[in-house]
Amino acid sequence: MPDVPLFSPLRVGPLELPNRVAMAPMTRLRAFGGVPNSLMAEYYAQRATAGLIVTECTMVEPRANGYVHCPGVFSTDQVAGWRGVTEAVHASGGNIFLQLWHCGRVSHPSLQPGGADPVAPSAIAGIGDLHTTVGKVDLAVPRALDAGEIPAIVDHFRAAAANAREAGFDGVEIHGAFGYLIDQFLQGVSNRRADGYGGSVANRCRFCLEVADAVVGVWGPDRVGVKLSPANTFYGMLDSDPLGLFGHLLGELDQRPLAYVHLMEPSDGDRGRPGVIEDVLGTFRSFYRGRVMSNGGHTRASAERVLESGEAALVSFGRSYLANPDLVERLRRGTPLAAPDFSTLYARSPEGAERGYTDYPTLTAGA
Ligand code: PHB
């Protein structure tokens with residue numbers, strides 16, 4: 001086998017990843033009641049030939065909930081459920097990080113404990129809608145957190161990181177992207193605070209860095225990744241100076257030798273938008289000298305390009321992993337990829353939840 005960077009191993013702290021293909025975090029909504037189950041263990045174990053799996057976004061506390069049937073990692077049951085997942089992945093030779101997540105304003109009272117308003121940096125609703133138990137609803141206007149409440153949320157991330165260790169994960173990824181709570185603190189459109197968590201770029205980065213430091217305190221830096229999406233307008237995100245904001249944040253993260261920073265390229269819908277950063281990796285690489293995981297519409301050719309140029313150390317694949325559990329082998333052989341059925345992306349009930357989830361075949365032997 002010629003030395004193809006995509007299939008070469010990578011050392012990340014104590015971990016030896018067998019290749020540079022990561023499975024990107026993807027919400028699949030099969031954790032009925034918020035508790036990971038054996039169907040999820042099967043799904044992740046099927047994809048264990050990835051160099052690294054990053055799980056779907058996972059609630060760090062009850063108020064982190066933005067979707068029906070997304071998993072949590074704050075209760076004993078949830079930790080036990082995740083242990084079943086990590087054991088199945090490890091038994092299949094894989095490596096798996098848990099994605100730690102708080103939805104912030106991307107929620108609705110019907111998803112919140114006691115029917116309360118979701119919490120966020122400022123009382124500004126995001127743009128979009130959600131499926132809830134009461135039907136499809138617009139994102140709610142959140143309640144602005146008091147400064148005094150913020151340390152408790154940082155503590156939820158810390159406790160969730162500790163629970164992830166107990167559940168047998170190899171590390172964690174902090175979800176700082178996609179318009180969720182950390183991103184809401186970062187970007188100007190959703191953060192109008194006048195205290196130490198708002199206003200200047202340094203202040204808006206404070207919450208993200210406090211969470212990063214808390215989680216690094218649990219795991220050590222080389223088992224922690226941070227995901228960012230500087231070019232995406234998901235759920236109404238926008239900042240007047242994304243280069244200044246994310247450049248500063250990456251400079252701060254550069255002081256911490258993390259496992260990786262996970263950078264999302266603009267979504268198809270964001271490409272061509274006035275002011276959008278079209279090449280996130282190329283634009284931000286110089287601000288962060290450690291390992292970068294590149295995400296967003298990659299093919300084998302584009303993945304090899306960013307690995308060969310040294311811009312990325314890992315490439316994550318989302319959509320391609322839905323219908324191709326043995327994606328690494330298919331990329332290696334150059335086999336055409338199977339197309340996913342998007343109607344089964346999310347499960348609405350346990351009935352038939354395996355459809356479009358664990359029933360995509362691998363290549364038959366010798367094919
Ligand atoms: C992401 O990591 O980009 C991500 C994860 C889960 C979501 C959305 C985005 O629901």
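For clarity, every value in this text was computed on a predicted model and none was experimentally measured. Indexing begins at 1, ligand by ligand and atom by atom, following the structure's order.
Taking 4.0 Å as the cut-off between side-chain N and carboxylate O, Asp239 and Arg204 count as a salt-bridged pair. Between Arg223 and Glu173, no side-chain nitrogen of the basic residue sits less than 4.0 Å from a carboxylate oxygen of the acidic one, so the salt-bridge criterion is not met. Contact check on Asp341 versus Arg355 returns no salt bridge, with no Lys/Arg side-chain nitrogen under 4.0 Å from an Asp/Glu carboxylate oxygen.
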Show me the short polar-atom pairs for ligand 1: any N or O of it lying under 3.5 Å from a protein N or O, with distances only.
{"unit_1": "ligand 1", "atom_1": "2 (O)", "unit_2": "Gln99", "atom_2": "NE2", "d": "2.9"}
{"unit_1": "ligand 1", "atom_1": "2 (O)", "unit_2": "His175", "atom_2": "NE2", "d": "3.4"}
{"unit_1": "ligand 1", "atom_1": "2 (O)", "unit_2": "Lys227", "atom_2": "NZ", "d": "3.0"}
{"unit_1": "ligand 1", "atom_1": "3 (O)", "unit_2": "Lys227", "atom_2": "NZ", "d": "2.8"}
{"unit_1": "ligand 1", "atom_1": "10 (O)", "unit_2": "Thr27", "atom_2": "OG1", "d": "2.4"}
{"unit_1": "ligand 1", "atom_1": "10 (O)", "unit_2": "Tyr180", "atom_2": "OH", "d": "3.2"}

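Separation of the Tyr67 and Trp101 ring centroids falls under the 6.0 Å cut-off.
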Does Glu210 form a salt bridge (Lys or Arg N to Asp or Glu O under 4.0 Å) with Arg206? I'd like the steps, not just the answer. CA-CA 6 Å; Glu210 286 182 356; Arg206 189 178 311 282; 5.1 Å; no

Output side-chain donor-acceptor pairs under 3.5 Å for residues 123-138, partner residues at least two apart or in another chain, one line each.
{"unit_1": "Thr132", "atom_1": "OG1", "unit_2": "Val134", "atom_2": "N", "d": "3.0"}
{"unit_1": "Thr132", "atom_1": "OG1", "unit_2": "Gly135", "atom_2": "N", "d": "3.4"}
{"unit_1": "Thr132", "atom_1": "OG1", "unit_2": "Gly135", "atom_2": "O", "d": "2.8"}

